[in-house]
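Chain naming here is simple, since letters A, B, ... match the order of the sequence lines and numbering starts at 1 in each. Values in this document were obtained by computation on a predicted structure and should not be read as measured data.
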Amino acid sequence: MIVRLGYVAMSTVVENASPSRTMTYTTFSKLADREAAILKLERIAEENLHNTLRLLRHNRAHDIHLYRFSSKLIPLIGHEDLEREGWDPFPRLEPAFRAIGEYVVEHDMRVSFHPDHFTVLSTPRDEVLRHSIADLDRHVRMFEAMGLDERAKCNIHVGGAYGDKEAAAKRFIANFERLDPRIKERLTLENDDKTFTVAETLDVCERIGVPMVLDLHHHAVNSGGMELDQPLWERIAYTWVGQRVPPKIHMSSPKSEKDPRGHADDVRAEDLLAFLRSIRLFTPELDVMLEAKRKDGALFRLMDELKEASGIRVRDAATVELI
DNA sequence: ACAGGTCAAGTCGTA
DNA sequence: TACGACTTGACCTGT
């Protein structure tokens, strides 16, 4: 089994390369010259995109094929007031987006977004649903501006339960079915750490034909008593059939016993290896997104540990093979 | 230059 | 019904 590692949104190794610089709306609205203020926002966005490209170059130098973009690339996008004014930063940002997309394609990278937990398709509230769809649309638009095909995914959670998980799941499915196909084909669903377990998320995935991203850490703190055994993993892996990318999982280690849901600085090799060994016979390829506090720093450290582990062959600086 | 407070979102538990 | 906790990196204010 070939296992590729990746990380999320920012580097703890490359300095001054934040892809998430922003401006608060308070600061923005205090600027007297509206045109200059808008220009400032777009400058920040360009800088974020430029830093994203820098991170991709850094990734390439370290054989990292897997990366999740920051969702904060364009400051204040989606803000009500700017929306009302008809602000559209995309035309100006198009060259920067295209440069990222070309680099991704040229070096055969796998990239994703993770719209944050305010994107809730299970919501009973029309307004929240509207905002959620608009947010998904903006993320998809960024992929489109990059010129990336549907292998570039937006990963989200099922959402809240509102006291009736069954009803919430049904609402998610109904709302999903009404989405624009260009959004539908970009979605993946991940089990969360409080509400929708692996089994419940997988059930939704199977019903709507969407691939599932398994989060091992979330499963550890919200398993619903279900053991993550071979048959369950096979069902998860099966949701990826026909996707032209291998299954992807998320991995992090608990911060402490007191805060088991928190993310630790690093990922313990043993936590990952135990799972990999349990599935290696059924999975030729697997992508593992690390969600550790130390980001790429944690990836490098994990690779150092994996080098020492038995039954592991190192293929490159961010890829191992289980033998 | 740094510390500590604030910001933004939606859900959920507690009062 | 109202409000604080949750979460996160970055902003912002004051020293």
Exercise for the section: Using a 4.0 Å heavy-atom cut-off across all strands, classify A9(A) as base, sugar-phosphate, or nothing. Expected result: nothing
Exercise for the section: Please report, rounded to the nearest Å, how far the P atom of dT7(C) is from the CG atom of D192(A). Expected result: 13 Å
Exercise for the section: Please state how far atom CD1 in I133(A) lies from atom P in dG10(B), giving the value in whole angstrom units. Expected result: 14 Å
Practice task
Could you check which of dG10(B), dA8(B), dC11(C) has an atom nearest any side-chain atom of T24(A)?
Solution key: dC11(C)
Handout entry: H218(A) side chain vs N191(A) backbone, donor-acceptor pair below 3.5 Å
Key = yes
Problem - Nucleotide of dC11(C), dG9(C), dT11(B) approaching K295(A) most closely (side-chain heavy atoms) - result: dG9(C)
Practice task
Using a 4.0 Å heavy-atom cut-off across all strands, classify S18(A) as base, sugar-phosphate, or nothing.
Solution key: sugar-phosphate
Handout entry: Derivation of the ring pair (Phe, Tyr, Trp, His ring centres under 6.0 Å) call for F300(A) and H62(A)
Key = CA-CA 9 Å; F300(A) 298 135; H62(A) 296 280; 4.8 Å; yes
Completion exercise
Rounded to whole Å, the CZ-C1' distance (R125(A) to dT11(B)) equals 9 Å
Practice task
Answer yes or no: does a side-chain N or O of K255(A) lie under 4.0 Å from OP1 or OP2 of dT8(C)?
Solution key: no
Handout entry: Nearest-nucleotide 5' precedence on DNA chain C, M23(A) against H263(A)
Key = H263(A)
Fill in the blank from the handout: Rounded to whole Å, the CZ-C1' distance (R261(A) to dT7(C)) equals 9 Å
Practice task
Ignoring the backbone of S20(A), work out which of dA10(C), dG10(B), dA8(B) is nearest its side chain.
Solution key: dA10(C)
Problem - Sugar-phosphate only, base, or nothing, as touched by T123(A) at under 4.0 Å among non-hydrogen atoms - result: sugar-phosphate
Handout entry: Rounded distance in Å - CG (L121(A)) to P (dT11(B))
Key = 11 Å
Practice task
Consider only side-chain heavy atoms of I, L, V, M, F, W and Y, link residues closer than 4.5 Å, and tell whether F176(A) and V120(A) are in one cluster.
Solution key: no
Handout entry: Short side-chain N/O contact from H117(A) to OP1 or OP2 of dT7(C), under 4.0 Å
Key = no
Exercise for the section: Would you kindly give the CG-to-C1' distance between D116(A) and dT7(C), to the nearest whole Å? Expected result: 10 Å
Problem - N/O donor-acceptor pair under 3.5 Å between H107(A) side chain and R60(A) backbone - result: no
Handout entry: Closest to the V120(A) side chain, choosing from dG10(B), dT13(C), dC12(B)
Key = dG10(B)
Exercise for the section: Return the 5'-most residue of the pair T22(A), K194(A) with respect to DNA chain C, ranking by each residue's nearest nucleotide. Expected result: K194(A)
Handout entry: Plane angle bin for Y7(A) and H58(A) - parallel if under 30°, tilted between 30 and 60°, otherwise perpendicular
Key = perpendicular
Exercise for the section: Report the distance from atom NE2 of H79(A) to atom C1' of dA8(B), rounded to the nearest whole Å. Expected result: 9 Å
Problem - Separation of dG9(C) P from I44(A) CD1 (nearest whole Å) - result: 19 Å
Practice task
Please state whether the phosphate of dA8(B), meaning OP1 or OP2, lies under 4.0 angstrom from any side-chain nitrogen or oxygen of Y25(A).
Solution key: no
